[in-house]
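No experiment lies behind these values; they were computed from the predicted model shown. Just so we're on the same page: letters track the sequence lines, and every chain starts at 1.
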There are 2 protein chains.
Amino acid sequence: MADGTTERVRPRDRILETAQDMFHKHGIKGVGVDAITEAAGTNKMTLYRHFESKDDLIIECLRATACKAAAIWDAFEAEYPGDKLAQLHAWVRKAADMLNADSRGCDMANAAIELSETDHPARRVIKELKEAQRDRLVSLCRDAGVGQAELLADTLSLLLEGARVSMQSVGAEGPSAQFVRMAEGLIASFRAR
Amino acid sequence: MADGTTERVRPRDRILETAQDMFHKHGIKGVGVDAITEAAGTNKMTLYRHFESKDDLIIECLRATACKAAAIWDAFEAEYPGDKLAQLHAWVRKAADMLNADSRGCDMANAAIELSETDHPARRVIKELKEAQRDRLVSLCRDAGVGQAELLADTLSLLLEGARVSMQSVGAEGPSAQFVRMAEGLIASFRAR
DNA sequence: CGCTAAAGTTACAGACCGGTAACACCCTAG
DNA sequence: CTAGGGTGTTACCGGTCTGTAACTTTAGCG
């Protein structure tokens, strides 16, 4: 303990990272600020000096995860520069990898379900970030030369979203196990016409 | 108030009905037993005389909603006796209707997300009930004479599950708006081969 | 009527929650 | 060396949560 990694990083970043991880694993309402600060090696006062409230922390966490997701998208472009179809297949592969590696699904979708209050401040952020991801997938499908790009993108979106939640209800051996086959079949089908 | 409807129904059933409704609207962790009993026109002691714990109440609520879902399935058979393909299309229509009528999604999926503890007693019930629904959809697809019935059923499952959660994150104008077109397209595509 | 079982009432225990106040500390910039 | 901002510590507030105890009231039924 007391290693450089833990000590050098600013408390705010440690809190943000820890909160992301704990919200993801245990859900937002399943984690209290005390548990977060303790796991982050700090205390509640420091948290409230950097974040207005727990709701504010939640929002910052969602923005942070959205940033990480954007970095993954950028990696597709870096790996297959200009080849949008290859990037689309990479998206399918990456989505499947993340399904297998983690069974707690999408933080934003989970948050939307947990925070049922329609006027919760996090809701508009969730919608905004999810719409950005949707736009990105639509663009990818369109630039890959697929007809009805929006319909394909939306179908893939729902498939992935469904796979992530199905994982949590029926488990990994359920319908989500066929995600890659479904997605690839859809892409092929949309390209054929 | 104090009308026959409220008074005649046994407290246990009133609690069960009210809890289902409130869990659905506000989430499981978003509503306490006090609020449930008050809304049900009774009190906490009576609740705990009929249910061992809140977890027990949760499980009974999930079983009750599964029963209601089963009744909807039975209605398909009653409306199109023997015509499995018509029943499959009725399933799509009904799913879309429920998407439009209510934006809080599937109680079982929501519960699975909210109750992140892997050993929560409700988890095995959720899995069991979801698997039963999956089996039913697979049978319907198979009996409708569709090749690769399991794959079609699983794809439709994920699409619907995704639509229900997408509804809660991006809203009704998001990808879920295309659910019927996607589902019908898939059925047609699977039947064509 | 009178008995009994179910239901209502009140109060409480013990834990946890988000959030704040007051104060001591330490590290670094000047 | 010193001043000051960031951080840690402790204690606390008011509220909510699940669950229980003891007692009173009500309702059905022979």
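- Between B/Arg181 and A/Leu151, the shortest heavy-atom distance links the atoms NH1-CD2, 3.9 Å.
- Nearest approach of B/Ala112 to B/Ile126, heavy atoms of both residues: N-CD1, 3.7 Å.
- Taking every heavy atom of both residues into account, B/Val9 and B/Arg14 meet most closely at O-NH1, 3.2 Å.
- For the OP1/OP2 pair of D/dT7 and a distance below 4.0 Å, the side-chain nitrogens and oxygens of A/Thr46 include no atom meeting the criterion.
- Of the candidates D/dT18, D/dA22, D/dT9, D/dA22 carries the atom nearest the B/Met45 side chain, counting heavy atoms from C-beta on.
- Between the CG atom of B/Asn43 and the P atom of D/dA21 there is a distance of 16 Å, rounded to whole Å.
- For B/Ser53, the listed nucleotide lying nearest its side chain is D/dG19; candidates were D/dG8, C/dT9, D/dG19.
- Counting to the nearest Å, the C1' atom of D/dG6 and the NZ atom of A/Lys44 are 20 Å from each other.
- Side-chain nitrogen and oxygen atoms of B/His50 include at least one within less than 4.0 Å of the OP1 or OP2 phosphate oxygen of C/dA7.
- The base of C/dG8 is paired with the side chain of B/Arg49 by a donor and an acceptor separated by under 3.5 Å.
- Residue side chain A/Lys54 does not reach the base of C/dG19 through any donor-acceptor N/O pair under 3.5 Å, judged by distance alone.
- Applying the 4.0 Å criterion to OP1 and OP2 of C/dG8, one finds that B/Thr42 has a side-chain N or O inside that range.
- The side chain of B/Tyr48 sits closest to D/dG19 out of D/dT9, D/dG19, D/dT7.
- Panel note: side chain A/His120, backbone A/Ser116; no donor-acceptor pair is recorded below 3.5 Å.
- Remark: P of C/dA15 and CG of A/Asp34 are 15 Å apart, rounded to the nearest angstrom.
- Going from atom CG of A/Leu47 over to atom P of C/dT20 covers 11 Å, rounded to whole Å.
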